[in-house]
Amino acid sequence: LSGEKLKVLLDHREEVRQTLAREASSLTDRVFHRKIYVRGLIELSNICKNNCYYCGIRRGNHNLHRYRLSQEEVLQAVKLGTDMGFKTFVLQGGEDPLLDDDFYLDLVRKIKDINPQAALTLSIGERSYQSYEKLKKAGANRFLLRHETKNKKHYRKLHPKEMSLENRIQCLYDLKELGYQTGTGMMVGSPGQSLDHLVEDLVFIQDLEPEMVGIGPYIPHEDTPFSGEKPGSVELTVFLIHLLRLLLPYANIPATTSLNTLSPQGRDLAIQGGANVYMPNLTPAYHRKDYALYKDKACFNIEAAENLKDLKEVMEKIGYDLVMARGDFEVKHV
Ligand code: SAM
């Protein structure tokens with residue numbers, strides 16, 4: 001859809017919401033047959049060289065207990081997840097300067113030794129083409145890197161001068177070129193975001209054609225320069241999930257932790273209207289609270305991998321089946 005048409009839909013979302021929700025739901029059913037794919041999320045490190053104004057693990061936050069999982073801790077989490085039946089692991093972390101290519105290459109190979117059939121997703125920020133290439137050769141399959149915003153001015157409102165939108169976007173095209181199943185996305189309602197910015201995001205997403213799109217409401221963190229800002233809208237996030245499903249029928253779209261943190265009802269509406277993925281937390285429980293991207297991040301209850309049974313029940317209640325299969329991106333004829 002062109003930017004003009006997207007803007008009309010966003011401006012008139014009250015009038016079109018129900019239709020879009022119904023169409024997105026019906027399309028998701030035809031493509032994914034009411035299956036929700038799970039991914040085990042391991043939060044590797046909350047040490048970050050970046051200073052994004054919105055993020056609780058930003059370099060400038062001195063009120064945070066910093067941690068970096070040891071290789072042994074990560075492999076333990078993968079073993080635990082493997083025993084539970086997980087077939088996708090997502091390694092996410094801040095841009096920790098000590099975690100170099102050699103560290104990641106060794107880790108990727110060891111994870112693949114433990115579970116050769118599993119898909120491995122990395123979400124470890126901006127790196128060089130060569131680094132992404134080596135990690136891909138070592139066995140990484142997918143990469144999540146939200147573009148955050150496609151608008152230059154808005155990007156500057158969210159990030160200090162030392163960071164660059166051009167580089168982030170280049171990283172995404174590099175990942176695509178290297179054959180990663182690539183995920184992008186943005187926070188909804190980040191400070192300074194307008195509907196026009198969201199239109200730019202959606203136009204960019206259509207151009208990139210990512211295999212995954214993760215969006216979630218922005219949630220303020222008290223130890224950031226944006227502490228006084230308002231959280232993003234659940235309703236707008238869910239609307240965008242409907243729209244993204246219709247724009248990218250086969251993409252893997254998670255119901256994100258930030259959506260569940262703000263509103264379990266929003267999470268269910270997202271599942272019923274386009275999302276097909278859930279990412280339970282496999283981080284060792286004693287570090288989960290430290291990966292505090294925003295206020296009161298959900299990481300226990302149904303957000304925790306150890307409570308998979310409860311998540312399964314919650315999904316069954318709304319008519320969906322939790323499945324452990326890899327759920328690779330695939331163009332399906334529906
Ligand atoms: N360092 C990696 C990167 O840059 O992609 C991965 C970690 S980063 C913390 C993961 C995502 O958390 C970001 O892409 C951002 O959209 C989200 N995030 C950070 N702070 C947030 C906040 N206050 N509210 C909602 N989401 C937030």
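Read the numbers this way: they start at 1 and go in the same order the structure lists the ligands and their atoms.
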Could you tell me if the ring centre of Tyr218 sits under 6.0 Å from that of Tyr54?
-> no
Residue, atom name and distance, where the atom is the protein heavy atom closest to atom 3 (C) of ligand 1 = Arg168 NH2, 3.5 Å
Would you kindly specify which portion of Tyr291 sits under 4.0 Å from ligand 1, judged on non-hydrogen atoms: side chain, backbone, both or neither?
-> side chain
Which residue, Leu269, Leu243, Ile215, Leu20, forms the side chain to side chain contact (heavy atoms under 4.5 Å, CB included) with Val238?
-> Leu269
Keeping the roles fixed (side chain from Tyr294, backbone from Ser258), state whether a donor-acceptor pair exists under 3.5 Å.
-> yes
Please write down residue, atom name and distance for the protein heavy atom closest to atom 15 (C) of ligand 1.
-> Glu148 OE2, 3.5 Å
Determine if the distance from atom 12 (O) of ligand 1 to the closest protein heavy atom is below 4.0 Å.
-> yes
Which of the numbered atoms in ligand 1 are below 4.0 angstrom from a heavy atom of Ser123?
-> 2 (C), 6 (C)
With distance as the sole criterion, is a donor-acceptor pair present between the side chains of Tyr132 and Glu126 under 3.5 Å?
-> no
heavy-atom search around atom 21 (C) of ligand 1 in the protein gives Met187 SD, 3.8 Å
Starting from atom 1 (N) of ligand 1, locate the nearest protein heavy atom and write down its residue, its atom name and how far away it is, to 0.1 Å.
-> Gly93 O, 2.9 Å
With atom 10 (C) of ligand 1 as the reference point, say which of Lys295, Lys297, Gln92, Arg146 has the nearest heavy atom.
-> Gln92
A student checking ligand 1 against Pro217 at a 4.0 Å heavy-atom cut-off should list atoms 25 (C)
Can you find a side-chain donor-acceptor pair between Asn281 and Thr283 that sits under 3.5 Å?
-> yes
Hey, which of Arg146, His147, Gln206 is the one that makes side-chain hydrogen bond (donor to acceptor under 3.5 Å, both in side chains) with Asp201?
-> His147
Looking at atom 9 (C) of ligand 1, what's its closest protein heavy atom, distance included?
-> Leu293 CD2, 3.4 Å
Does Gly273 offer a backbone N or O that forms a donor-acceptor pair with the side chain of His242 under 3.5 Å?
-> yes
Numbering the atoms of ligand 1 from 1, which are under 4.0 Å from a heavy atom of Leu145?
-> 5 (O)
Where at least one partner belongs to residues 306-319, residue pairs that pass side chain to side chain donor-acceptor pair (under 3.5 Å), sequence neighbours excluded = Arg288-Glu306
Write out the residue and atom name of the closest protein heavy atom to atom 24 (N) of ligand 1, then the distance separating them to 0.1 Å.
-> Ile219 N, 3.1 Å
Look at atom 20 (N) of ligand 1 and say which protein heavy atom is nearest, naming residue and atom and giving the distance to 0.1 Å.
-> Tyr54 CD1, 3.4 Å
Checking Asn50 side chain against Cys52 main chain: does a donor-acceptor pair fall under 3.5 Å?
-> no
